[in-house]
Protein chains: 2
Amino acid sequence: MRETAETTGRDRDPEAVSKFVEGFAAQLVEAGMQRMPARVFAALLASDPGSLTSAELGEQLQVSPAAVSGAVRYLSQQHMVSREREPGSRRERYRVHSDQWYEALTNRETILKRWESALSEGVASLGAETPAGRRMAETLAFFEFLDGELAAMMERWRVHREKTFGHR
Amino acid sequence: MRETAETTGRDRDPEAVSKFVEGFAAQLVEAGMQRMPARVFAALLASDPGSLTSAELGEQLQVSPAAVSGAVRYLSQQHMVSREREPGSRRERYRVHSDQWYEALTNRETILKRWESALSEGVASLGAETPAGRRMAETLAFFEFLDGELAAMMERWRVHREKTFGHR
DNA sequence: CGCTTCCTTCAGAAATTTGTGAAGTTAAGG
DNA sequence: CCTTAACTTCACAAATTTCTGAAGGAAGCG
């Protein structure tokens, strides 16, 4: 298949794009994300269509198809991007849904739940009446509080978002 | 200095303590924390006094003083533990303030701010009117919303905490 | 069907991270 | 002051992670 300005995004200043991609990716890495997923994600975020093919990602980031494949697998497990097949082609497109990805961020719920269960076991095994047990119980209570708050907060965001961006 | 059951925590089932420490640390690692800081932190959380000396940490976790030193430096930079000197001794104690450490968790503010500024630059350089620019602007708006919400939420938590644990 | 394009998997090389031992620094206690 | 206990720093070795090239499928298209 032939490449066009539309599919590669080459019409935009590649310098500026790359600067954003590497800078934002670096911040994501700082926060604990692996380098390659971070770069791939940043590239998608900065693309005009909000989606790129594997080949485009490889070319823009100067990495092998294997690296793209691994990064994309990770990102879709985290629900930060979705994969879609281009109809009538073997190419796959990876897409970031602008509203979906940061919802996934707060969906660290899985992690929160695991923290909670580790703490809960700890309280049980060390004794709820020991100083350590009480400390852990308080921490547990905080996370349980968090669970509820995060859900309510996202609901408020959706309202706020609708007001601000809804009418496009 | 001599070691006592009080300072080493050996009166408690070391098996149970270790099981919690390694289990909880593993979850922290999963969430992006480095292994050694995670283990040190979990050990402090599970200690009855809420604090341990360098030597105690080294012995319990079977690691060198150097490893403890590095982990503790990281943890105190993150405001997850504080260091205090034992009066009349060269020993240092590392302490977890039960209420302080998870406040530090939400104090990923530093990271949030950096994300915001990276996004802001991106919007500027790619153009606020481009599709990519609009996507990045929406993400930026989300993080700005988050900033405010997190602060308000922690305030609600403090009230809730006082009601639940205040009267001890 | 077979050719071709594209994605994935896998073994291994390269780079990075992590933890150690040893030397260095600081400060208490005689 | 000198000694010594305790933490820190540093160079390096070990372990782990990350990325690549090559081989192995799957699926469109003739």
Side-chain angles (χ1 to χ4, degrees), chain A residues 1-4 7-8 21-22 25-26 28-44 51-78 81-95, chain B residues 1-4 7-8 21-22 25-26 28-44 51-78 81-95:
Chain A
M1 180 202 167
R2 294 189 26 265
E3 292 180 337
T4 67
T7 59
T8 59
V21 168
E22 299 306 329
L28 293 175
V29 168
E30 187 90 5
M33 196 185 297
Q34 294 152 334
R35 184 167 308 275
M36 194 58 68
R39 296 179 71 209
V40 166
F41 181 73
L44 287 172
S51 74
L52 293 169
T53 66
S54 182
E56 288 162 2
L57 284 165
E59 198 216 344
Q60 186 180 334
L61 302 175
Q62 286 296 301
V63 294
S64 70
V68 173
S69 175
V72 157
R73 173 159 29 115
Y74 173 84
L75 290 170
S76 57
Q77 277 169 357
Q78 304 298 313
V81 308
S82 54
R83 358 174 43 137
E84 42 190 64
R85 192 56 82 110
E86 286 190 323
S89 158
R90 271 133 300 195
R91 289 204 175 171
E92 209 142 11
R93 298 193 74 83
Y94 307 112
R95 157 160 280 124
Chain B
M1 180 202 165
R2 298 193 18 270
E3 291 181 338
T4 67
T7 58
T8 60
V21 168
E22 299 306 328
L28 293 175
V29 168
E30 188 89 4
M33 196 184 298
Q34 294 152 334
R35 184 167 309 274
M36 193 58 68
R39 295 180 72 209
V40 166
F41 180 74
L44 287 171
S51 74
L52 294 169
T53 67
S54 183
E56 289 162 1
L57 284 166
E59 200 216 342
Q60 187 181 333
L61 302 176
Q62 287 296 302
V63 294
S64 71
V68 173
S69 176
V72 157
R73 172 160 29 113
Y74 173 84
L75 289 170
S76 58
Q77 278 171 356
Q78 303 297 313
V81 310
S82 54
R83 357 178 41 140
E84 41 191 64
R85 191 58 83 119
E86 286 190 325
S89 158
R90 271 134 300 194
R91 290 204 175 172
E92 209 142 12
R93 298 193 74 81
Y94 306 112
R95 158 159 279 122

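A note on names: the letters A, B, ... follow the listed sequences, proteins ahead of strands, and every chain is numbered from 1.
Residues A/M33 and A/Q78 are not in side-chain contact: their nearest non-hydrogen atoms beyond the backbone lie 4.5 Å or more apart.
Listed by chain and number, the residues in a side-chain contact (heavy atoms from CB on, under 4.5 Å) with A/A31 are B/I111, B/W115 (sequence neighbours excluded). Under the rule for a side-chain contact (heavy atoms from CB on, under 4.5 Å), the partners of B/A66 that lie at least two apart in sequence or sit in another chain are B/S64. A search for side-chain contact (heavy atoms from CB on, under 4.5 Å) contacts involving A/S54 returns A/V68, A/Y94, not counting sequence neighbours. Scored by the side chain to side chain donor-acceptor pair (under 3.5 Å) test, A/S82 finds A/H97 as partners (sequence neighbours excluded). With sequence neighbours excluded, the residues forming a side-chain contact (heavy atoms from CB on, under 4.5 Å) with B/A42 are B/V21, B/F24, B/A25, listed by chain and number.
Between the CD atom of B/E92 and the P atom of C/dT26 there is a distance of 14 Å, given to the nearest Å. If you take CZ of A/R91 and C1' of D/dC29, they are 15 Å apart, rounded to a whole angstrom. Going from atom CD of A/E86 over to atom P of D/dG28 covers 13 Å, rounded to whole Å. When the C1' atom of C/dC6 is taken as reference, atom CD of A/E59 falls 16 Å away, rounded to whole Å. Note: CD (A/Q77) to P (C/dT8) measures 12 Å, nearest angstrom. Computed from coordinates, the B/R73 CZ to D/dC7 P distance equals 15 Å when rounded to whole Å. Atom CG of A/L57 is separated from atom P of C/dC6 by 14 Å (rounded to the nearest Å).
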Do any N or O atoms of the protein come closer than 3.5 Å to N or O atoms of nucleotides 14-16 of chain C, and which pairs are they?
none

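Within the structure, every pair that satisfies the salt bridge (charged side-chain N to carboxylate O under 4.0 Å, His left out) test and touches residues 31-44 of chain B, not counting sequence neighbours, is listed here: B/E22-B/R39.
A salt bridge links B/R93 to B/E86: one of the charged nitrogens lies within less than 4.0 Å of a carboxylate oxygen.
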Which pairs would a plain distance check flag for residues 70-77 of chain A, meaning a side-chain donor or acceptor within less than 3.5 Å of a matching protein atom at least two apart in sequence or in another chain?
unit_1	atom_1	unit_2	atom_2	d
A/S76	OG	A/V72	O	3.1
A/S76	OG	A/R73	O	3.3

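Axis angle across the helix from C/dC1-D/dG30 to C/dG30-D/dC1, with five pairs used at each end and values rounded to 10°: 20°.
If you check every strand for non-hydrogen atoms under 4.0 Å, A/Y74 touches nothing. Note on A/G70: nothing from the nucleic acid sits closer than 4.0 angstrom, heavy atoms only.
Taking all atoms of both residues into account, the shortest heavy-atom contact from B/A43 to B/L57 is CB-CD2, 3.9 Å. For B/R85 against B/R91, the heavy-atom pair with the smallest separation is CD-O, 3.3 Å.
Among the nucleotides D/dC7, C/dC7, C/dT9, the one closest to the side chain of A/S54 is C/dC7.
Note on A/R83: a side-chain N or O is less than 4.0 Å away from OP1 or OP2 of C/dT8.
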Treating primed atoms plus P, OP1 and OP2 as sugar-phosphate and everything else as base, which nucleotides of nucleotides 14-26 of chain D get B, S or - for protein heavy atoms under 4.0 Å?
----SSBB-----
